[in-house]
Every structure is written in structure tokens, then in C-alpha cells.
2 protein chains.
Amino acid sequence: MTEGPRRQTRQRSAVLALLDDQDGFRTAQDLHALLRERGDAVGLATVYRALQALLDDGLVDVLRTEGEAAYRRCSPVHHHHLVCRSCGRTVEVADPPVERWAARVAAEHGFADVQHQLEVFGTCAACAAR
Amino acid sequence: MTEGPRRQTRQRSAVLALLDDQDGFRTAQDLHALLRERGDAVGLATVYRALQALLDDGLVDVLRTEGEAAYRRCSPVHHHHLVCRSCGRTVEVADPPVERWAARVAAEHGFADVQHQLEVFGTCAACAAR
DNA sequence: AGCGTTCATGGGAATCATTCTCACAGATGC
DNA sequence: GCATCTGTGAGAATGATTCCCATGAACGCT
């Protein structure tokens, strides 16, 4: 999963820095447009490559719902997200019980080398008020 | 989510019948090819429309991982999947604890109208043996 | 059964995200 | 500074999904 050594370039730093400023999940296309606005333009293909690399290194999370994939900067430890359906705001949450539950259920069915992905969607307080 | 009344057509029945015969998740393209082999051909666009309708009615589950979406016939009650990474075989599992956990965590952060999606991936016993 | 309305179909074009190609630029190591 | 080798970028290519629209088939009614 973690690939060999990465070369540090202006473009990769730009993508990561931009992600740090974002609150919720952003698509590759969004990031590309934002970078262009911001002044330090990066090729679209490069944005995709940078995101793939960051994903391999566990520095971003990906969310594939409808159509396009969305990325978000995240802590490198395992966790899940609470995502607002309407504004995209996200909260990282840990879930010890689910970890154990997943491992147990998988074992019961003879599955090994287990991973899981869990996303919780809802409407956040701010959006519900509207 | 559940749309208006649906018209019952040969094509929709064919898609649903085919899904009933499948074991794991299948992409729309796969289903289209299988239907063609089987004799009762259905247009690709129609396969997509049928799957979308079935999805709205809660009769199939969708899995969006890499590239294309995969669909599978499922029971209409809420549940999750244990999916073999290598052969695609799936097992439906219920998870009362996660339900409660998700609801509680969401409430703590002021989120309402909560939904969640959880998939567990692993290598099934048969595939691990190889 | 006949009929009209309305929704579904299909095939090819259109869309859209993502990946590939390849010549060139820049990072890294010495 | 230099050689090497990976990263970049623009556009083409790919591939899944959706749109368009003329034709066909359900459904409700009589």
C-alpha cells in the first residue's frame, strides 16, 4: 500500500496544503479549480496522481458516493466520518465497538485479513435550522 | 426515495430474475452481458434504469469501490455485507450494536436524519486456501 | 377487446470523471 | 554542476453512466 519514496514537489505540497484548509470532502475537480483560483495552478492529472499518492500513504480519506470520488485530509489512525448530507461538513469519530464487531463477525464466517469502511450520513444542526 | 408506481415489463423482470441467480455483487455491464448470453437481451441503458429503480425500492444494494458500481439482490431490511475481496462472495449480516452506536454518535454532534453504510472486506476461507 | 394516455425501451450520441501518453522539467544524490 | 530518474502537464483515450427521442408496450377505462 505504502509505495516507495516520494519526491517532494511544489504541486504535491500545494494539494496537501489546500486539503488542510478544507472543511469537508472535496472532489479532485474541485481541488483543481481551487488551486487555479488560488494562483498556483496544477494540472488535473497531477491532482489525481497526488491524491492517489496521499491515499496510499494514508494521509487522506476517500468517499465514493455518487459519480465522483471526494477526498479529505485525515488523521493517519483508523477512524470513520460523520458527514452532513447537505453542506459536506465532516466530523471524525472513532468506534472501538465496531472494530471488534467487524473482526468477530468476519471470523465467524471464515474471513481473514479484514478491513471495513463505515460512513454515517445525516443533516447537521446548522443545515437543519434552515 | 420510493418513487411512484412502476410498470411491470419483461426487461425489469429479467434484471431482477438474473440478480436472484447471482451470488455476489455484479456490475451493470456484467448483468447486461449475462442477459445477452442468456437470450433475453436488454438494452444497456435499460439495465441502468432498472437497477436505479430497484435501488430506490430497496431491493438491491450498491457497492461503489473502484471504477464501476456493483449491485446485488438483497433483503429489504437494513443490513450490511461481508464481502470477499478476491472472489466477490458476500454474506449479509445484521448489526444491532452499530445501529445504536451510529445513532448515538450522530446525536452527540447534532446530526439528524441519520443513515449509515458499512461494508466489511476480507478474504474468505476458500480464497485464503489458495 | 378496443383505445388513449403515459411511461418504458433501445441504440447511439453525449457527458464526465479518471487514466494514459510522451516530451520536457525539476528533484535528488553524488 | 551533472546525470539520473521520477514528476508534470496538455491533450488524447478510455470507460462508465446518462441523455435524447422516436417507437413500443402497460395500464386504466369502457
Side-chain angles (χ1 to χ4, degrees), chain A residues 1-19 22 24-57 59-72 88 117 119, chain B residues 1-19 22 24-57 59-72 88:
Chain A
M1 195 135 295
T2 299
E3 298 297 328
R6 305 214 179 284
R7 216 163 260 196
Q8 176 179 337
T9 66
R10 177 185 69 78
Q11 292 84 346
R12 283 184 189 170
S13 310
V15 170
L16 192 54
L18 177 57
L19 277 168
Q22 302 306 119
F25 282 84
R26 293 284 178 278
T27 69
Q29 312 270 346
D30 282 348
L31 295 171
H32 176 242
L34 286 170
L35 284 170
R36 178 152 297 185
E37 278 181 22
R38 193 184 248 215
D40 49 1
V42 172
L44 181 55
T46 300
V47 173
Y48 277 103
R49 276 185 294 239
L51 287 172
Q52 190 56 56
L54 291 171
L55 203 58
D56 286 345
D57 292 346
L59 297 176
V60 300
D61 277 328
V62 64
L63 194 59
R64 297 167 198 275
T65 40
E66 357 103 346
E68 48 200 325
Y71 302 82
R72 181 182 192 270
Q117 55 186 48
E119 303 295 341
Chain B
M1 194 134 298
T2 300
E3 300 296 327
R6 306 215 179 283
R7 212 164 265 194
Q8 178 179 334
T9 66
R10 175 184 70 78
Q11 290 85 345
R12 282 185 190 171
S13 310
V15 170
L16 192 53
L18 177 57
L19 277 169
Q22 302 306 120
F25 282 83
R26 292 285 178 276
T27 69
Q29 312 271 348
D30 282 348
L31 294 171
H32 176 243
L34 286 170
L35 283 170
R36 179 151 298 184
E37 277 180 25
R38 193 183 250 214
D40 51 0
V42 172
L44 181 56
T46 301
V47 172
Y48 277 103
R49 276 184 296 238
L51 287 172
Q52 190 56 56
L54 291 170
L55 203 58
D56 286 346
D57 292 346
L59 297 177
V60 301
D61 279 327
V62 64
L63 194 60
R64 295 168 198 276
T65 40
E66 359 102 345
E68 50 202 323
Y71 302 82
R72 180 181 192 271

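Chain letters run A, B, ... following the sequence lines, proteins first, then strands; residues in each count from 1.
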Between [N] ([atom2]) and [X] ([atom1]): distance, integer Å:
X: A/R7; N: D/dC5; atom1: CZ; atom2: P; answer: 10 Å
X: A/E68; N: C/dT18; atom1: CD; atom2: P; answer: 6 Å
X: B/R6; N: C/dA8; atom1: CZ; atom2: C1'; answer: 12 Å
X: A/Q29; N: C/dT18; atom1: CD; atom2: P; answer: 6 Å
X: B/L44; N: D/dG15; atom1: CG; atom2: C1'; answer: 11 Å
X: B/Y48; N: C/dC16; atom1: OH; atom2: C1'; answer: 13 Å
X: B/L51; N: D/dT17; atom1: CG; atom2: C1'; answer: 12 Å
X: A/Q11; N: C/dC24; atom1: CD; atom2: C1'; answer: 13 Å

Which atom names give the shortest non-hydrogen contact between B/L18 and B/L31, and what distance separates them?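 Nearest heavy atoms, B/L18 then B/L31: CD2-O, 3.6 Å.
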For B/A50 against B/V15, the heavy-atom pair lying closest together: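 Of all heavy-atom pairs spanning B/A50 and B/V15, the closest is CB-CG2, 4.0 Å.
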Can you figure out which of C/dG10, D/dG7, C/dC20 approaches the side chain of B/V42 most closely?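 Minimum distance to the B/V42 side chain belongs to C/dG10.
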Looking at [N], I'd like to know if its phosphate oxygens (OP1 or OP2) sit under 4.0 Å from a side-chain N or O belonging to [X].
X: B/T46; N: C/dG10; answer: yes
X: B/T9; N: C/dC7; answer: no
X: A/R49; N: C/dT19; answer: no

So, A/R64 side chain and B/T65 main chain: donor-acceptor pair closer than 3.5 Å or not?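 Yes; at least one donor-acceptor contact below 3.5 Å.
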Verify, without hydrogens or angle tests, whether B/H32 (side chain) and B/V42 (backbone) share a donor-acceptor contact under 3.5 angstrom.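 Checked: pair present.
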Tell me if the side-chain of A/R10 makes a donor-acceptor pair with the base of D/dG7, cut-off 3.5 Å, by modelled atom types.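 Looking at the base of D/dG7, it does not pair with any donor or acceptor on the side chain of A/R10 (distance under 3.5 Å).
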Check step by step if side chain to side chain contact (heavy atoms under 4.5 Å, CB included) holds for B/L63 and B/R72. CA-CA 8 Å; B/L63 194 60; B/R72 180 181 192 271; over 6 Å; no
Using rotation axes that map the C1' atoms of four end pairs onto the next four (five pairs an end), what angle separates the end axes of the helix from C/dA1-D/dT30 to C/dC30-D/dG1, to 10°?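 It works out to 50° between the end axes.
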Which is more 5' along DNA chain D, the nucleotide nearest B/Y71 or the one nearest A/A45? Just name the residue.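 The 5'-side residue here is A/A45.
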Whether the B/Q52 and B/Y71 side chains hold a donor-acceptor pair (N or O, under 3.5 Å, no angle test) is what I'd like checked.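 No, B/Y71 and B/Q52 have no side-chain donor paired with an acceptor closer than 3.5 Å.
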Do A/R49 and A/T46 meet the criterion of a side-chain donor-acceptor pair at a distance under 3.5 Å?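 Their side chains do contain a donor-acceptor pair, which is all the 3.5 Å distance test asks for.
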